[in-house]
Amino acid sequence: MKLVVYLYLSMIVLGVQAWPSVKRSFELFPGSPAVPHNVHTVSDCMHVASEAGDYIFKKLHPMNSALNREAALLELEAAAVVAGAGAGMAVPGITEPGASATEDQPEVCGLYVIGEPDTIVEITMKHYDANCETGALMAFVDGWELNGEYFPGIKDHHRPLEERVYEFCNNYRQWPRISNKKFFRASQNAALLQYRIPIRGSFVANVRFHKITQPCNVLVQDTAAVYKMTNFGQARNCTISALFPAVVSLANLRIGGKSVRAQQKVNYDCQVPSDRLEIGGSAGLDSIAMEMASSVCGASSEPGPEQAIFCGVSTVRLVSSGRYQNQAALVLRKAEDQDLDIATLICAL
C-alpha cells in the first residue's frame, strides 16, 4: 500500500515539474515584450529620413470634415471681400462641386532617405493608395533627385536613369486586384520616394539600411569624419557629396600609375584623362556640372593641406580608368566663416 501511495505522489510531482515546459511549447502569445518599432509621420513636402522604421503619409480630401468645409467657406468669404467680388464672380483656388477644376499642377513631394556611408537603403511599400485616375503618381529613385539633378550623377551611376526611376500608382479598374506591396533597394546610402497625390491618398513605406563592404557613392548630410574612397581596381567613378560648404583635406593618397606615384610630391593639377581625385562644388546635386578647385593624383601618406569649398554641394570625385588600384582617405567637415582664408572655390549664389 505504501508503495502504491509513493508511486502516485511521484507521478503528481513529476507532472507538476513537467507541466511548465509542455505549456510553454504550446503558448501562441508569449509574454515577452515586442521588439520596438519606429513609426514616423511624413508631414513636410521634403521629408529627410535617416532612421529605420515605417513612414506614414495620409492626405484627406479637403472637404471631408466639417472643420475643413468651414475653413474653406471662411477663405472664400475673405477672398470675396478683398477682391470686392460680386455675385457670380469666381474666387481663385476654390472650385465648387461639379465645376471644372482650375487648380495648379499638384505639388510633387518626396521622402529623402539617407543612411550611414557604408550602407544601402531598402524601401518596402507596405501600402499605398495613389489612384491613377485622379492623377496620383509615386516613384522610387535609386539616389536623390532635386531640381532635375541626380545624385549619383547620371554619367557616374552604373545603371541608366530609366532603370533608376520606377513609377507606380493604383489602377483600381484592373481585375483581378494585384497586391500593392512593392520592394526597392538602392545602390548607395541615398534613396528617394517621390509622390504626387492631388486629392487624397496615403502610403506606408518601411525603411531599412544594410551594411556593405565596398561603398562607392556616398551622400553626406552633416557628418564630420574620415572617408575612404577606392575603385577596387574597377573602371568606375565614385563620389562623396556633402550637402553643405565643406573643408576637405587628404589624409592618404595613392592614385595613378607607377610613374605618377614616383613623384616626390602630390600633383594638384592632374590632367584629363588620367586617373585623378577631383575636388570642387556646385549649386546642385550632379557632380558632372561641378566647378573644379583641384585635380589630385600621386601618392602620399602625409596629411595634406585643408581647402575650403564654399558651395551648396561640396564634392570629391574619384575618376578611375580601371588600370590602377586607386585609393584615398580624406577628412571632411563643415566650413565656417574663419575658413574663408583657405577657400579654393567660392560658388556664385
Side-chain angles (χ1 to χ4, degrees), residues 48 50 112 114-118 143-144 146-147 149-153 156 188-190 215-231 237-256 260 263-272 274-320 326-349:
V48 179
S50 56
Y112 290 79
I114 183 170
E116 295 296 322
D118 59 343
W144 276 22
L146 194 61
N147 297 326
E149 295 189 5
Y150 291 85
F151 173 87
D156 286 345
Q188 61 287 311
N189 73 323
C216 179
N217 297 301
V218 175
L219 192 63
V220 180
Q221 185 181 10
D222 57 4
T223 305
V226 177
Y227 297 90
K228 295 182 179 179
M229 303 183 71
T230 178
N231 67 329
N237 299 335
C238 296
T239 301
I240 294 179
S241 287
L243 303 176
F244 49 82
V247 175
V248 180
S249 61
L250 302 178
N252 190 287
L253 192 71
R254 187 178 175 87
I255 297 177
V260 176
Q263 298 176 6
Q264 297 298 319
K265 61 180 182 179
V266 174
N267 186 354
Y268 278 85
D269 190 22
C270 298
Q271 302 299 317
V272 177
S274 64
D275 289 23
R276 61 199 180 276
L277 190 73
E278 299 177 344
I279 302 175
S282 59
L285 289 176
D286 197 336
S287 61
I288 301 299
M290 74 174 180
E291 297 182 55
M292 198 81 63
S294 57
S295 182
V296 188
C297 58
S300 175
S301 58
E302 299 294 329
E306 289 187 329
Q307 52 179 315
I309 309 297
F310 282 90
C311 298
V313 179
S314 306
T315 297
V316 180
R317 182 168 174 257
L318 178 62
V319 180
S320 302
N326 297 324
Q327 59 185 28
L330 56 100
V331 181
L332 189 147
R333 64 174 176 83
K334 282 187 176 182
E336 307 292 343
D337 292 341
Q338 58 268 26
D339 295 317
L340 283 170
D341 295 338
I342 57 173
T344 56
L345 177 64
I346 299 178
C347 294
L349 298 178

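In this text the structure is predicted, and so the values were computed from the model without any measurement.
- Scanning both residues, Ser282 and Cys347, for their nearest heavy atoms gives N-SG, 4.0 Å.
- Distance alone, capped at 3.5 Å, is enough to place a donor-acceptor pair between the Asn189 side chain and the Leu219 backbone.
- Side-chain atoms of Leu330 and Met229, non-hydrogen and from C-beta on, do get closer than 4.5 Å to each other.
- Distance CG/Asn237 to SG/Cys216: 8.0 Å, rounded to 0.5 Å.
- Among all heavy-atom pairs drawn from Ala328 and Leu253, the shortest one is CB-CD1, 3.8 Å.
- In this structure, Gln221 places its CD atom where more than 12 heavy-atom neighbours from other residues, nucleotides or ligands lie under 6.0 Å away.
- The shortest distance between side-chain heavy atoms of Thr239 and Phe151 falls below 4.5 Å.
- With a 4.5 Å cut-off on side-chain heavy atoms, Leu277 and Asn326 do not count as touching.
- Heavy-atom minimum distance, Arg276 versus Ser295: CD-OG, 3.2 Å.
- More than 12 heavy atoms of other shown residues, nucleotides or ligands fall within 6.0 angstrom of atom CZ in Arg333.
- Taking the side chain as every heavy atom from C-beta outward, Gln327 and Lys228 never approach each other to under 4.5 Å.
- Contact of the Leu285 side chain with the Leu243 side chain is registered, since non-hydrogen atoms from C-beta on lie closer than 4.5 Å.
- The CD1 atom of Ile342 sits 4.5 Å away from atom CD of Glu306, with the distance rounded to the nearest 0.5 Å.
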Check the pair Val260, Asn267 against side-chain contact (heavy atoms from CB on, under 4.5 Å), reporting the backbone distance first and the verdict last. CA-CA 8 Å; Val260 176; Asn267 186 354; 5.7 Å; no

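- Taking CG from Asp275 and SG from Cys297, the interatomic distance works out to 9.0 Å, rounded to the nearest 0.5 Å.
- Distance CG/Leu250 to CD/Glu302: 12.5 Å, rounded to 0.5 Å.
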Just do the side-chain contact (heavy atoms from CB on, under 4.5 Å) check on Asp339 and Lys334 with the steps written out, would you? CA-CA 10 Å; Asp339 295 317; Lys334 282 187 176 182; over 6 Å; no

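- Residues Val296 and Ile255 have side chains not in contact (no heavy-atom distance under 4.5 Å, counting atoms from C-beta outward).
- Of the possible polar contacts, one joining the Gln188 side chain to the Ala190 backbone as a donor-acceptor pair under 3.5 Å is found.
- The line from CD of Glu291 to CD of Glu278 is 13.0 Å long, rounded to the nearest 0.5 Å.
- Using a 4.5 Å heavy-atom threshold, the side chains of Asp156 and Ser287 count as touching.
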Scan the side chains in residues 307-316 for donor-acceptor partners under 3.5 Å anywhere in the protein, sequence neighbours excluded, and list what turns up.
{"from": "Gln307", "atom 1": "OE1", "to": "Ser294", "atom 2": "OG", "distance (Å)": "3.4"}
{"from": "Gln307", "atom 1": "OE1", "to": "Thr344", "atom 2": "OG1", "distance (Å)": "3.1"}
{"from": "Gln307", "atom 1": "NE2", "to": "Ser294", "atom 2": "OG", "distance (Å)": "3.2"}
{"from": "Ser314", "atom 1": "OG", "to": "Phe244", "atom 2": "O", "distance (Å)": "2.8"}
{"from": "Ser314", "atom 1": "OG", "to": "Ala246", "atom 2": "N", "distance (Å)": "3.1"}
{"from": "Ser314", "atom 1": "OG", "to": "Ile309", "atom 2": "O", "distance (Å)": "3.4"}
{"from": "Thr315", "atom 1": "OG1", "to": "Ser241", "atom 2": "OG", "distance (Å)": "3.1"}

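- Scanning all heavy atoms of the two residues, the minimum distance from Val266 to Ala299 falls at CG2-O, 4.2 Å.
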